[in-house]
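Report on one structure; see the data block that follows.
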Amino acid sequence: MKVTVLIENSTPSDRFCAKHGLSLFLEVEGRKILFDMGPDDSFIANAAALGIDVAMADIAFISHGHFDHGGGLPAYLGLLDRTGRNVPIYLRKNAFKAHRANTPRGLKDIGIDESIASDPRLRFVGSCETIDDQLTVISSIVPARLAPNSNAVLLEETENGFEQDPFDHELSLLVREETGVTLITGCSHCGIVNIIGCAESHIGEPLQNVVAGFHLMDPSSGSIEDTQVTNEVAKFLAERPTRYFTFHCTGLAAYSLLRDKLGERVNYLYTGSSVSL
């Protein structure tokens, strides 16, 4: 598998636009997968600069209903309209619920465009759904432990108004290859240790690779959200034979701590970078 980061918070190159968000392009045994679409259409321009035509993806996924992962969906649908491509896009139905962040300045809209929820190219998946022999979606993971502290200010609209988001709109992707299984996820709002545990239970073996944002950064300050939690996450990750590739909401400070604990088994991917797993 080859993983290319189309957009992420940072980049060392002036060839690309870096923004708070995430979009990945996966090339897996002849199949092209688009995973997340960043906050706007910037991922499309970055892909073109890398020689990648995202309209030629065979399948796409939106990890959850926040704009920094699905804000580029309208632009992508427009691109498909112009090129005549019909790419299925998988996501959870609740991704189109209204989502807000409770900030000192009041509620901030962090959702994705609800007006496109009826587009026929969207495929709404259940809590665990096998797409084919290679791809499986897992979701509805109970954030039992070490979930991000910042979840407390993230809200979802209910019949009673805005309440704490249960993140049942978050999905992760399992990609099975001959050499093993790779977990792809966006922000790990349900807690990366819980998502990995669910994935291991599903496949009955350790994961070969995890490509994920670990959500260890305080979005307001950019610093480590909780050093103790980060150390516990690092301990959990170190107990496995898995390799880890991270970005976006992990944050560079938390990545440095993870690197101290895990060494070369963890690497940071930035906008424009690629890695072969």
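In this chain, numbering begins with 1 at the start of the sequence shown.
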Cation-pi geometry met for Arg259 and Tyr255 (6.0 Å, 45°): no
With Gln134, the side chain to side chain donor-acceptor pair (under 3.5 Å) member among Arg176, Glu29, Glu177: Glu29
Pick one: which of Thr185, Ile195, Leu237 meets side-chain contact (heavy atoms from CB on, under 4.5 Å) with Phe214? Leu237
Looking at Arg145 and Glu232, is there a salt bridge between them, counting it only when a charged N and a carboxylate O are closer than 4.0 Å? no
In Å and rounded to the nearest 0.5 Å, what is the CD1 to OG1 distance from Ile52 to Thr4? 4.5 Å
If only atom types and distance count, is the side chain of Ser23 paired as donor or acceptor with the main-chain N or O of Asp36 below 3.5 Å? yes
Can a donor-acceptor pair be found, under 3.5 Å and without considering hydrogens, that links the side chain of Arg100 to the backbone of Glu156? no
Donor-acceptor pair between Ser115 and Asp113 side chains, under 3.5 angstrom: yes
For a side-chain contact (heavy atoms from CB on, under 4.5 Å) check, start with the C-alpha distance between Ile224 and Val229, then their side-chain angles and the critical distance, and finish with the verdict. CA-CA 9 Å; Ile224 294 177; Val229 166; over 6 Å; no
If you measure only the distance, is there a donor-acceptor pair under 3.5 Å linking the side chains of Asp68 and His248? yes
For Ser10 and Glu8, which I'm curious about, is there any donor-acceptor pair between the side chains at under 3.5 Å? yes
If you round to the nearest 0.5 Å, how far is OG of Ser127 from CG of Leu171? 11.5 Å
If we ignore hydrogens and angles and just use 3.5 Å, is the side chain of Asn46 paired with the main-chain N or O of Leu6 as donor and acceptor? yes
If you measure from CG on Leu34 to CG on Leu24, what distance do you get to the nearest 0.5 Å? 8.5 Å
Does a salt bridge link Arg85 with Asp53, judged by any charged N lying under 4.0 Å from a carboxylate O? no
Passing option when Arg121 is tested against Leu80, Val87, Ile116 for side-chain contact (heavy atoms from CB on, under 4.5 Å): Leu80
Return the orientation label for the His64 and His189 ring planes: parallel under 30°, perpendicular over 60°, tilted otherwise. perpendicular
Distance-only side-chain donor-acceptor flag, Lys108 / Thr103, under 3.5 Å: no
Could you measure the distance from the CG atom of Leu216 to the OG1 atom of Thr230? Nearest 0.5 Å is fine. 4.5 Å
Using a 3.5 Å distance criterion without hydrogens, assess whether the side chain of Glu163 forms a donor-acceptor pair with backbone atoms of Thr158. no
Honestly curious: do Val175 and Phe245 fall in one hydrophobic cluster under the side-chain, below-4.5 Å linking rule? yes
Parallel, tilted or perpendicular: which describes the rings of His66 and His169, with under 30° parallel and over 60° perpendicular? tilted
How far apart are the C-alpha atoms of Lys97 and Asp168, what are their side-chain angles, what is the distance that settles it, and do they pass the salt bridge (charged side-chain N to carboxylate O under 4.0 Å, His left out) test? CA-CA 11 Å; Lys97 279 192 171 184; Asp168 55 0; 5.8 Å; no
Parallel, tilted or perpendicular for Phe43 and Tyr76, by the 30°/60° rule? tilted
Main-chain N/O of Thr136 paired with Thr130 side-chain donor or acceptor, under 3.5 Å: no
Are Met56 and Leu79 grouped together when hydrophobic residues (ILVMFWY) are joined by side-chain heavy atoms under 4.5 angstrom apart? no
